[in-house]
There are 2 protein chains.
Amino acid sequence: MAGKRSRRRIPEASVARLPVYLRILSEQFDEGVNSISSEELAEFAGLNAAKVRKDLSYLGSYGTRGVGYEVEFLIYQVRRELGLTQDWPVVIVGAGNLGQALAGYGGFGDRGFPVGGMIDVAESKVGSVVGGVRVRHLDELAQVVQSRNISIGVIATPGTAAQEAADALVAAGVTSLLNFAPTVISVPHGISMRKVDLAVELQILSYYEQRRASTEQSNGLQAVPAERRRGASA
Amino acid sequence: MAGKRSRRRIPEASVARLPVYLRILSEQFDEGVNSISSEELAEFAGLNAAKVRKDLSYLGSYGTRGVGYEVEFLIYQVRRELGLTQDWPVVIVGAGNLGQALAGYGGFGDRGFPVGGMIDVAESKVGSVVGGVRVRHLDELAQVVQSRNISIGVIATPGTAAQEAADALVAAGVTSLLNFAPTVISVPHGISMRKVDLAVELQILSYYEQRRASTEQSNGLQAVPAERRRGASA
DNA sequence: CGGGCTTTGTGAAAACGTGCACGAGCGCCG
DNA sequence: CGGCGCTCGTGCACGTTTTCACAAAGCCCG
Ligand SMILES: NC(=O)c1ccc[n+]([C@@H]2O[C@H](COP(=O)([O-])OP(=O)(O)OC[C@H]3O[C@@H](n4cnc5c(N)ncnc54)[C@H](O)[C@@H]3O)[C@@H](O)[C@H]2O)c1
Ligand SMILES: NC(=O)c1ccc[n+]([C@@H]2O[C@H](COP(=O)([O-])OP(=O)(O)OC[C@H]3O[C@@H](n4cnc5c(N)ncnc54)[C@H](O)[C@@H]3O)[C@@H](O)[C@H]2O)c1
């Protein structure tokens with residue numbers, strides 16, 4: 001039997017690497033590369049080849065032994081697995097500095113995540129247009145979510161309002177959240193949640209910085225070996 | 001002998017949680033809470049108590065059995081371990097939308113990471129003042145880094161310039177990087193690197209969204225159980 | 001058409017992180 | 001001042017992720 005296909009669950013660590021492969025593959029494709037080996041892909045991604053192969057094997061057996069992977073086909077498969085064959089409009093809650101930057105940021109809609117709505121509570125924000133989208137009041141959230149069939153919400157409010165925003169989003173029917181506020185938010189079981197926390201990242205760096213200062217020992221982290229850098233030249 | 005103290009290496013996963021504990025502890029302290037149990041801390045952090053205790057045990061034995069942890073003292077210990085007893089000025093490379101948002105963002109300097117410099121290459125940006133800091137040309141990077149003794153660099157350039165920015169930062173003497181560009185960058189061994197990638201986060205959410213659509217099975221992720229939410233009321 | 005070279009796909013082992021369970025230590029109360 | 005109840009600290013078992021290593025499989029060349 002050739003391939004049982006993809007309804008096996010993919011480990012989260014692997015899922016988190018698929019977008020990286022996808023980006024690399026897309027770049028390579030644009031440069032006219034048709035075929036790529038796990039070794040090359042690993043090199044670009046800063047990983048080792050075995051990990052790349054194992055990750056890709058969760059998608060199915062799409063490589064050719066002795067040759068590698070066909071770039072275009074692999075792109076298709078990764079996109080399919082990640083659910084990128086459809087658009088996922090997002091709603092941004094909090095139209096402050098960050099919310100506006102995000103809304104104005106092209107690389108958002110470009111990649112299949114158009115801004116389907118912006119929400120705020122401040123009089124001064126509601127009604128204004130940011131990144132081509134009219135800011136609506138929190139009261140209208142459910143209506144916005146339902147009319148555009150939005151399932152991903154981005155929280156860009158101050159930390160104190162983040163839980164409230166999350167609750168409102170979930171109540172409105174959103175099932176995935178991306179939280180930029182520096183606050184732990186709790187969500188019902190079954191809702192996906194990821195966070196991006198600047199302060200946490202900096203503090204982690206600080207830890208290793210300090211450590212470097214005391215022991216002259218370097219260590220793990222996401223440090224990528226420098227060896228053989230490849231510039232992507234056209 | 002009481003406690004061999006902290007020169008044992010702390011697992012990265014634990015390091016990444018310490019900033020979260022720190023934030024919670026600081027909030028609790030501000031509200032007048034003097035003592036906290038691993039159970040309570042776990043509740044606030046959305047984790048389980050055993051993990052909290054294990055994480056804290058890497059710092060030393062600072063709890064009191066039958067009682068819990070003294071908040072103020074624990075704050076001090078976590079800060080010490082994370083290297084937050086000193087400021088870590090950062091230099092931001094790329095003064096575009098994101099770079100400006102970051103520079104203007106208070107919660108940066110507030111937490112011990114003042115913006116010590118901003119760098120760009122565009123004529124239109126160099127010389128302007130953003131968030132109280134004058135934007136300098138890339139050529140002046142080394143001088144900025146050395147004069148202010150900066151060891152952390154933030155990359156906020158377009159993806160195509162990210163590797164170049166990283167190389168320049170490392171050459172200038174920076175030893176920790178936080179990369180916002182959607183590109184894998186490679187750094188020499190011994191340099192710490194963390195990345196924040198919006199597209200990756202959204203694509204991970206997309207994966208689970210899609211999966212939810214096919215199987216009516218929910219799963220892992222960072223999903224936090226909703227149970228007993230605590231609002232931090234003064 | 002067969003042998004050699006290359007690279008995949010994957011079991012199995014190792015490393016790592018998490019969660020459980022419980023002994024040890026401390027404070028409090030009677 | 002002794003016993004009780006609470007919570008820490010941690011050994012251990014479990015689950016997950018990474019790494020290793022190699023057989024299987026395809027391609028190319030002679
Ligand atoms: N600006 C940055 O560079 C940056 C970087 C990292 C993290 N953050 C975090 O992102 C969040 C937003 O930052 P910011 O700089 O945009 O802040 P901001 O104050 O500029 O914007 C916050 C916006 O949220 C709105 N708001 C408040 N309560 C709300 C609610 N209940 N529902 C909907 N909207 C509400 C406010 O009206 C305001 O427009 C903060 O939590 C901040 O810590 C910001
Ligand atoms: N804007 C957002 O909300 C957002 C969100 C997530 C990620 N990002 C990423 O952050 C990065 C910056 O985004 P942006 O919106 O600020 O882009 P931008 O185009 O507004 O700014 C980029 C800046 O970098 C400068 N630059 C270019 N090459 C440089 C070099 N070699 N050295 C120094 N500076 C250089 C440019 O002059 C420009 O000022 C991008 O990689 C983007 O993908 C942006």
Side-chain angles (χ1 to χ4, degrees), chain A residues 1-6 8-18 20-21 25 33-43 45-71 73-74 77-78 204 219-225, chain B residues 1-6 8-18 20-21 25 33-43 45-71 73-74 77-78 204 219-225:
Chain A
M1 289 292 100
K4 317 135 174 212
R5 296 302 296 288
S6 65
R8 45 185 171 288
R9 168 186 150 282
I10 302 181
E12 184 169 350
S14 285
V15 172
R17 285 186 295 264
L18 292 179
V20 176
Y21 301 146
L25 290 168
V33 174
N34 291 317
S35 174
I36 194 167
S37 69
S38 61
E39 189 74 47
E40 293 170 294
L41 195 40
E43 171 75 29
L47 306 168
N48 75 27
K51 203 186 299 193
V52 170
R53 285 201 299 277
K54 183 141 291 186
D55 287 342
L56 296 181
S57 77
Y58 292 120
L59 312 185
S61 286
Y62 299 131
T64 306
R65 294 167 191 225
V67 178
Y69 301 86
E70 204 221 316
V71 174
F73 184 62
L74 194 52
Q77 292 300 338
V78 175
I204 293 171
N219 68 351
L221 257 199
Q222 293 181 9
V224 178
Chain B
M1 286 295 100
K4 317 133 175 215
R5 296 303 295 286
S6 64
R8 45 187 171 283
R9 167 186 151 283
I10 302 181
E12 185 169 347
S14 286
V15 173
R17 285 186 294 265
L18 291 179
V20 177
Y21 301 146
L25 291 168
V33 174
N34 291 317
S35 175
I36 194 168
S37 69
S38 60
E39 189 73 48
E40 292 171 293
L41 195 40
E43 172 75 28
L47 306 169
N48 76 27
K51 204 186 297 192
V52 170
R53 286 200 297 278
K54 187 151 293 191
D55 287 341
L56 295 181
S57 77
Y58 293 119
L59 312 186
S61 285
Y62 298 131
T64 305
R65 293 167 193 225
V67 177
Y69 301 86
E70 203 220 318
V71 175
F73 184 62
L74 193 53
Q77 292 299 337
V78 175
I204 294 171
N219 68 353
L221 256 200
Q222 293 181 12
V224 178

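Order of the sequence lines sets the chain letters (A, B, ...), proteins ahead of strands, with each chain counted from 1.
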Asker: Taking for each residue the nucleotide of DNA chain C bearing the nearest heavy atom, is the 5' side occupied by A:A50 or by A:V67?
Answerer: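 Here A:V67 is the residue nearer the 5' end.
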
Asker: Ignoring the backbone of B:N48, work out which of D:dG9, C:dT7, C:dC20 is nearest its side chain.
Answerer: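 The answer is C:dC20, which lies nearest to the side chain.
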
Asker: Please give, in whole Å, the distance from D:dT17 C1' to B:E12 CD?
Answerer: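 Distance, rounded to whole Å: 14 Å.
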
Asker: Need to verify one output field. Residue with the more 5' nearest nucleotide on DNA chain D, A:R53 or A:P11?
Answerer: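 Its nearest nucleotide being more 5', the pick is A:P11.
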
Asker: First locate atom OG of A:S38, then atom CZ of A:R53, and finally report the distance between them rounded to the nearest 0.5 Å.
Answerer: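 These two atoms lie 4.0 Å from each other.
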
Asker: Report the residue (A:T64 or B:T64) whose heavy-atom-nearest nucleotide on DNA chain C is the more 5′ of the two.
Answerer: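 Checking each residue's closest nucleotide, the 5'-ward one belongs to A:T64.
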
Asker: Could you state the atom-to-atom distance from CG of B:L47 to C1' of C:dC20 in whole Å?
Answerer: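 It is 16 Å, rounded to the nearest whole Å.
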
Asker: Taking atom P of D:dG9 as reference, at what distance in whole Å does atom CG of B:L41 sit?
Answerer: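 The answer, rounded to whole Å, is 12 Å.
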
Asker: Which residue, B:K54 or B:A49, contacts DNA chain D at a nucleotide closer to its 5' end, judged by nearest heavy atom?
Answerer: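 The residue mapped nearer the 5' terminus is B:A49.
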
Asker: Starting from P on D:dC8, measure out to CD1 on B:I36 and report it in whole angstrom.
Answerer: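 Computing the B:I36:CD1 to D:dC8:P distance gives 10 Å.
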
Asker: Would one find a side-chain N or O of A:S38 under 4.0 angstrom from OP1 or OP2 of C:dT7?
Answerer: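 A:S38 to C:dT7 OP1/OP2: no side-chain N or O under 4.0 Å.
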
Asker: Give a yes/no on whether any side-chain N or O of A:R17 is located under 4.0 angstrom from OP1 or OP2 of D:dT18.
Answerer: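 Answer is yes, contact under 4.0 Å.
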
Asker: Looking at B:Y69, does any N or O in its side chain come under 4.0 Å of the phosphate oxygens OP1/OP2 on D:dG9?
Answerer: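 Checking B:Y69 against D:dG9: at least one side-chain N or O falls below 4.0 Å of OP1 or OP2.
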
Asker: Categorize A:S14 for me: base, sugar-phosphate, or nothing, with a 4.0 angstrom heavy-atom threshold over every strand shown.
Answerer: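 It contacts nothing in the nucleic acid.
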
Asker: Working to the nearest 0.5 angstrom, can you tell me the gap between B:E43 CD and B:I36 CD1?
Answerer: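 Separation between the atoms: 10.5 Å.
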
Asker: For A:Q77 and C:dG9, give me the distance from atom CD to atom C1', rounded to whole Å.
Answerer: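 Roughly 16 Å, once rounded to whole Å.
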
Asker: Let me know the distance between CG of A:L56 and P of C:dT7, rounded to the nearest Å.
Answerer: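 So the two atoms are 15 Å apart, to the nearest Å.
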
Asker: When you measure from the side chain of A:T64 to the backbone of A:V67, do you find a donor-acceptor pair of N or O atoms at a distance under 3.5 Å?
Answerer: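 Checked: no pair found.
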
Asker: Please pick, from C:dT10, C:dT7, C:dG25, the nucleotide with the shortest atom-to-atom distance to any side-chain atom of A:S57.
Answerer: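 Nearest listed nucleotide: C:dT10.
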
Asker: Atom CZ of A:R65 to atom P of D:dC28: distance rounded to whole Å?
Answerer: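 After rounding, the gap between these two atoms is 17 Å.
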
Asker: Round to the nearest Å and state the distance from B:Y62 atom OH to C:dG25 atom C1'.
Answerer: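 Whole-Å distance recorded here is 18 Å.
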
Asker: So among A:D55, A:V52, A:V71, A:V20, which one has a side-chain contact (heavy atoms from CB on, under 4.5 Å) with A:L41?
Answerer: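 That would be A:V52; it is the only one of A:D55, A:V52, A:V71, A:V20 passing the side-chain contact (heavy atoms from CB on, under 4.5 Å) with A:L41.
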
Asker: Quick check on D:dT19: is either OP1 or OP2 less than 4.0 Å from any side-chain nitrogen or oxygen of A:K51?
Answerer: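 Checking A:K51 against D:dT19: at least one side-chain N or O falls below 4.0 Å of OP1 or OP2.
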
Asker: I'd like to know whether the aromatic ring centres of B:Y62 and B:F73 sit less than 6.0 Å apart in this structure.
Answerer: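 Close enough - the centres of the two rings lie under 6.0 Å apart.
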
